Amino acid sequence: MRIIDISQRLDAGTPLWPGEPALAVRRHAEIGPGCPVNVGSVHLALHSGTHADAPLHYDAGGASSAETALDPYIGRCVVVDVRHAAGAAVETADIDWSALEAAKAPRVLLRTYDCFPHAAWDHDFRAVSAEVIRRLGALGVVLVGTDAASLDPETSKTMDAHHAVRAADMRILEGLVLDDVVPGVYELIALPLPLAGADASPVRAVLREIAA
Ligand SMILES: N[C@@H](CC(=O)c1ccccc1NC=O)C(=O)O
Ligand SMILES: [Zn+2]
Ligand SMILES: [Zn+2]
């Protein structure tokens, strides 16, 4: 079965949320006389690139990446093209709910970009309305993903979509790369790292085609 990588490359040029520290991979041991290996460490903002928010991100008492259950991050999903959405956020009118329900997929990945902005931070990414989140939760959706940097606008102070996720106890993937994905049903695998105390974790998100 074909594996489709839907993850951003992480390097010093990966566009980050304004003010976030740049990725740094440092080597503290190098192959040479008396040292058989290269060994490094990484300094990486937790919301860099393709990542999973932990409930701790929007709920002071929420689970960290080390504590959140893995089930939402692996299993049947549907990729939905919402590039036609015209507003600042994806609204309920932008989604074909009967098609979405017909997919019978408890994970929904939203494509908002024609081409993912790998080269520069997009301040005007398309958010997802809290009403869409509430409606997804009512359908039993356990995870919502987006190719945008966040479910809420960059300037949001209320984080309405994240709090609608919290109310429905859903999970979140952000910064997906869906340019080469044909809308449809797939198996999603995108597991957060067991990082204690972390409010988010980078993930290697992939899709596997499901045999018809
Ligand atoms: N990907 C993050 C973006 C985010 O909320 C954020 C990331 C770094 C610093 C501040 C952030 N949010 C609001 O100030 C998120 O939406 O979960
Ligand atoms: Zn995030
Ligand atoms: Zn988020």
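Quick caveat: nothing in here was measured; it's all calculated off a predicted structure.
Sparse packing is recorded around NE2 of His43, with 12 or fewer heavy atoms of other residues, nucleotides or ligands lying under 6.0 Å away. Heavy-atom contacts from other residues, nucleotides or ligands closer than 6.0 Å to CZ of Arg76 number more than 12. Shown here is Asp180, whose CG atom has no more than 12 heavy atoms of other residues, nucleotides or ligands within 6.0 Å.
Distance SG/Cys77 to CG/Leu143: 8.5 Å, rounded to 0.5 Å. The distance from the CZ atom of Arg208 to the OH atom of Tyr186 is 14.5 Å, given to the nearest 0.5 Å. Atom OG in Ser201 sits 9.5 Å away from atom CG in Leu191 (nearest 0.5 Å).
Partner Arg126 forms a side-chain contact (heavy atoms from CB on, under 4.5 Å) with one of Thr146, Thr112, Leu110 and no other, that one being Thr112.
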Report task. Decide side chain to side chain contact (heavy atoms under 4.5 Å, CB included) for His57 and His47; before the verdict, give the C-alpha distance in whole Å, the side-chain angles of both, and the deciding distance to 0.1 Å. Result -> CA-CA 10 Å; His57 180 52; His47 295 259; 3.3 Å; yes
Requested in this report: Assess whether side chain to side chain contact (heavy atoms under 4.5 Å, CB included) is satisfied between Asp199 and Asp53, documenting all intermediate values.
Outcome: CA-CA 6 Å; Asp199 70 288; Asp53 287 357; over 6 Å; no
Report task. Would you check, one step at a time, whether the test side chain to side chain contact (heavy atoms under 4.5 Å, CB included) holds for Asp94 with Glu91? Result -> CA-CA 5 Å; Asp94 297 319; Glu91 301 292 347; 3.6 Å; yes
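Electrostatic pairing of Arg204 and Asp5 counts as a salt bridge here, judged by a charged N lying under 4.0 Å from a carboxylate O.
With 3.5 Å as the limit, one finds no donor-acceptor pair spanning the side chains of Asp152 and Ser150.
Side-chain contact check for Met170 versus Val142: every heavy-atom pair is 4.5 Å or farther apart. Using a 4.5 Å heavy-atom threshold, the side chains of Pro106 and Leu139 count as separate. Contact check for Ile6 versus Thr50: no side-chain heavy atoms found under the 4.5 Å cut-off. Val181 places none of its side-chain heavy atoms less than 4.5 Å from the side chain of Arg111. A 4.5 Å side-chain heavy-atom check between Tyr58 and Val165 finds at least one atom pair inside the cut-off.
Residues passing the side-chain contact (heavy atoms from CB on, under 4.5 Å) test with Ala29, sequence neighbours excluded: Cys35, Val39. By the side chain to side chain donor-acceptor pair (under 3.5 Å) test, Glu131 pairs with Arg134, sequence neighbours left out. Scored by the side chain to side chain donor-acceptor pair (under 3.5 Å) test, Asp81 finds Arg83 as partners (sequence neighbours excluded). Checked against ring-ring contact (aromatic ring centres under 6.0 Å, His included), His163 has no partners two or more places apart in sequence or in another chain. Among residues two or more places apart in sequence or in another chain, the side-chain contact (heavy atoms from CB on, under 4.5 Å) test is passed with Pro18 by Trp121, His123, Glu154.
When all heavy atoms are compared, the tightest approach of Ala89 to Ser129 is CB-N, 4.0 Å. Minimum interatomic distance between Leu195 and Leu46 (heavy atoms only, all atoms of both residues): CD1-CD2, 3.7 Å.
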Mind listing the side-chain donor-acceptor pairs of residues 171-178 below 3.5 Å, one per line with the distance, residues two or more places apart or on another chain?
| unit_1 | atom_1 | unit_2 | atom_2 | d |
| --- | --- | --- | --- | --- |
| Arg171 | NE | Thr68 | OG1 | 2.9 |
| Arg171 | NH1 | Asp169 | OD1 | 3.0 |
| Arg171 | NH2 | Asp169 | OD1 | 3.4 |
| Glu174 | OE1 | His51 | NE2 | 2.9 |
| Glu174 | OE2 | Leu151 | N | 3.2 |
| Glu174 | OE2 | His162 | NE2 | 3.2 |

